[in-house]
J.: 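Got a structure here, written out as structure tokens. Questions coming.
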Amino acid sequence: MKEETQLDFITNYLKELRDEDLYNEIRVLESGQGAWVMIDGEKKLNLCSNNYLGFAKDEALIQAAKKATDDYGVGPGAVRTIAGTMSIHLELEKALAAFKKREATVVLQSGFNANLAVIPLLVGPDDIIYSDALNHASIIDGCRLSRAKIKVFPHLDMEALEDLLVSDSDFSGRQLIISDGVFSMDGDLGNLPEIADLAEKYGCMTLVDDAHGEGVLGRHGSGIVDHFDLHGRIDVEVGTLSKAFGCVGGFVAGSQSLIDYLKQRGRPFLFSSSLTPAEAAANLAAVRQLTEADDRVNQLWSNAQYFQSGLKELGFDIGLTETPITPVMIGDAGVSAAFSRRLFEEDVFAQSLGFPTVPQGKARIRVMISAAHSRDDLDFALEVFSRIGRELDVIQ
Ligand SMILES: *Cc1c(COP(=O)(O)O)cnc(C)c1O
């Protein structure tokens with residue numbers, strides 16, 4: 001029997017999504033994350049994951065997680081301030097601080113939570129945030145939670161940002177400029193050098209969320225601040241452990257006093273339990289490997305360059321990317337969705353992104369390159385892209 005409830009608006013909303021072909025059918029992996037994954041019992045080349053460095057199934061990380069589980073068990077037992085901080089959490093934070101060349105870090109359950117934890121500590125109802133129009137949802141939510149006034153500047157438009165700062169030049173509250181490091185839909189970079197200059201000129205704090213830059217940009221993958229050589233000029237760095245680090249978690253890096261403050265007042269730190277010992281240990285193993293060697297980072301960039309120049313030679317438009325994120329611009333959302341379906345039939349798993357994730361008329365296949373891909377994998381993908389590109393009239 002069908003229930004009539006106060007929640008019928010949800011059923012109606014879902015029906016609308018399905019009618020408009022906007023309902024997202026989530027694929028189920030029957031394997032771990034790697035260059036290839038099992039879906040519906042078939043092997044598919046994986047061009048969707050943020051497992052940039054192949055750490056998600058790395059043997060050293062798996063062994064570290066197993067050992068930590070043996071040593072500490074499976075759960076942290078409480079929020080960190082009460083009884084949930086274990087020595088493995090502190091070891092991870094210390095190693096991360098050294099890796100990021102910052103005084104201190106604090107690890108949270110996710111990058112999303114890291115933004116929710118730190119932004120409301122920096123600004124409140126009497127303050128102003130300047131935020132890039134394409135900033136990540138977790139930044140937007142962190143800004144909203146702070147109850148500060150939010151002024152959005154057009155994507156990467158430093159003149160518009162400066163105009164806002166000029167018009168607020170006699171504002172007496174705190175001011176915070178926030179940007180993604182790498183923008184995940186196009187793979188372009190925030191203009192951090194200019195943001196640092198403007199922040200210094202107008203007396204603002206700065207926060208960069210480097211989720212797609214951790215493990216990817218800078219020496220040994222230490223991030224966008226290192227990439228632009230801005231050490232000491234960006235106040236707060238937010239990072240994730242859920243992408244290149246191959247595991248899950250997030251962190252805030254900055255001065256010792258910022259981190260001490262977050263441990264006293266950051267709500268997702270105070271009121272939500274921490275990473276499991278296994279996660280902390282796996283992340284620590286990833287940080288140690290990256291600190292010692294940059295071969296995975298180099299492999300990632302060489303794979304990205306190989307694949308991106310291959311696509312360009314075939315005549316594809318890959319937009320403005322400056323990173324291993326590779327948007328294959330299609331334009332029409334229907335063609336892009338059909339492209340993704342055809343790729344899947346040919347054993348290539350790459351998602352189509354359409355409105356409202358990207359602007360109308362700018363639908364694309366987003367390819368995520370990983371150090372885990374072999375040259376054979378990339379050649380296979382290029383061959384399939386070439387065939388389907390011609391079939392669907394995307395290339396000649
Ligand atoms: C992916 C992403 C996050 C979320 O990270 P999780 O650790 O998965 O919560 C936050 N910010 C940006 C910019 C991201 O790209």
Side-chain angles (χ1 to χ4, degrees), residues 26 33 48-53 55-56 61 89 92-93 96 100 105-120 122 129 131-146 152 155-156 176-192 195 206-218 221 223-225 227 234 236-253 266-269 272-276 278-280 282-283 286-287 321-327 351 353 357-358 366-370:
I26 301 172
Q33 284 288 356
C48 287
S49 95
N50 300 321
N51 177 28
Y52 286 112
L53 300 175
F55 276 139
L61 271 67
H89 295 115
L92 169 60
E93 286 166 349
L96 258 180
K100 296 292 295 176
T105 66
V106 56
V107 170
L108 291 120
Q109 306 85 356
S110 69
F112 202 107
N113 268 4
N115 277 320
L116 301 192
V118 73
I119 297 170
L122 301 171
I129 294 169
S131 179
D132 188 286
L134 294 190
N135 277 346
H136 189 262
S138 58
I139 295 179
I140 295 171
D141 287 8
C143 292
R144 287 178 180 158
L145 273 179
S146 78
V152 175
H155 182 48
L156 299 183
L176 171 66
I177 306 173
I178 303 189
S179 180
D180 270 28
V182 178
F183 290 88
S184 59
M185 296 301 138
D186 290 286
D188 54 342
L189 301 186
N191 189 343
L192 276 210
I195 286 176
T206 46
L207 183 154
V208 62
D209 176 351
D210 201 20
H212 282 278
E214 304 294 355
V216 175
L217 293 169
I224 194 167
V225 169
H227 171 80
I234 299 293
V236 184
E237 292 175 67
V238 168
T240 182
L241 302 167
S242 325
K243 291 179 173 133
F245 287 77
C247 192
V248 75
F251 65 90
V252 178
R267 292 170 67 85
F269 183 84
S272 182
S273 296
S274 65
L275 293 187
T276 64
E279 290 162 338
N283 281 314
V287 176
T321 184
E322 302 168 72
T323 62
I325 296 173
T326 309
Q351 289 284 19
L353 302 175
T357 311
V358 297
R366 189 181 62 166
V367 174
M368 305 300 284
I369 295 296
S370 169

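Just so you know, ligand 1 is whichever comes first in the structure, and atom 1 is the first atom listed for that ligand.
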J.: Heavy-atom contacts under 4.0 Å between A211 and ligand 1: side chain, backbone, both, or neither?
T.: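 The side chain, only.
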J.: Identify the protein heavy atom lying closest to atom 13 (C) of ligand 1, giving its residue, its atom name and the separation to 0.1 Å.
T.: D209 OD2, 3.2 Å
J.: In this structure, does ligand 1 have an atom that sits under 4.0 Å from one of the heavy atoms of S138?
T.: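 It does, in that a heavy atom of S138 comes within the 4.0 Å cut-off of ligand 1.
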J.: Looking at D180, which atoms of ligand 1 are within less than 4.0 Å of one of its heavy atoms?
T.: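 Answer for ligand 1: 13 (C).
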J.: From the options K243, M185, H212, select the one whose nearest heavy atom is closest to atom 14 (C) of ligand 1.
T.: K243
J.: I need the nearest protein heavy-atom contact for atom 6 (P) of ligand 1: residue, atom name and distance, please.
T.: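 For this ligand atom, the closest protein heavy atom is G111 N, 3.4 Å.
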J.: Just by modelled atom types, is the G187 backbone N or O under 3.5 Å from a matching donor or acceptor in the H212 side chain?
T.: no
J.: For ligand 1, which atoms, with element, lie under 4.0 Å from some heavy atom of T240?
T.: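 That gives atoms 5 (O), 6 (P), 7 (O) of ligand 1.
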J.: Check whether any side-chain N or O of S370 sits under 3.5 Å from a backbone N or O of N51 as a donor-acceptor pair, and report yes or no.
T.: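 Yes.
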J.: Just jot down the ligand 1 atoms closer than 4.0 angstrom to any heavy atom of G249, in number order.
T.: 7 (O)
J.: Check for a donor-acceptor pair, side chain of T105 on one end and backbone N or O of V252 on the other, with a separation under 3.5 Å.
T.: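 The answer is no, because no donor-acceptor pair under 3.5 Å joins these two groups.
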J.: Within the side chain of E214, is there an N or O that forms a donor-acceptor pair under 3.5 Å with the backbone of L241?
T.: no
J.: Using modelled atom types only, decide if a donor and an acceptor are shared between the side chain of N283 and the backbone of V248 within a distance under 3.5 Å.
T.: yes
J.: Where is the nearest protein heavy atom to atom 4 (C) of ligand 1: which residue, which atom, and how far?
T.: F112 N, 3.7 Å
J.: Considering the heavy atoms of S242, write down every atom of ligand 1 situated less than 4.0 Å from one of them.
T.: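 Listed by number with element, the hits are 6 (P), 7 (O), 8 (O).
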J.: Without swapping roles, check the side chain of N113 against the backbone of L108 for a donor-acceptor pair under 3.5 Å.
T.: no
J.: Do you see a donor-acceptor pair shorter than 3.5 Å between the side chains of H155 and D188?
T.: yes
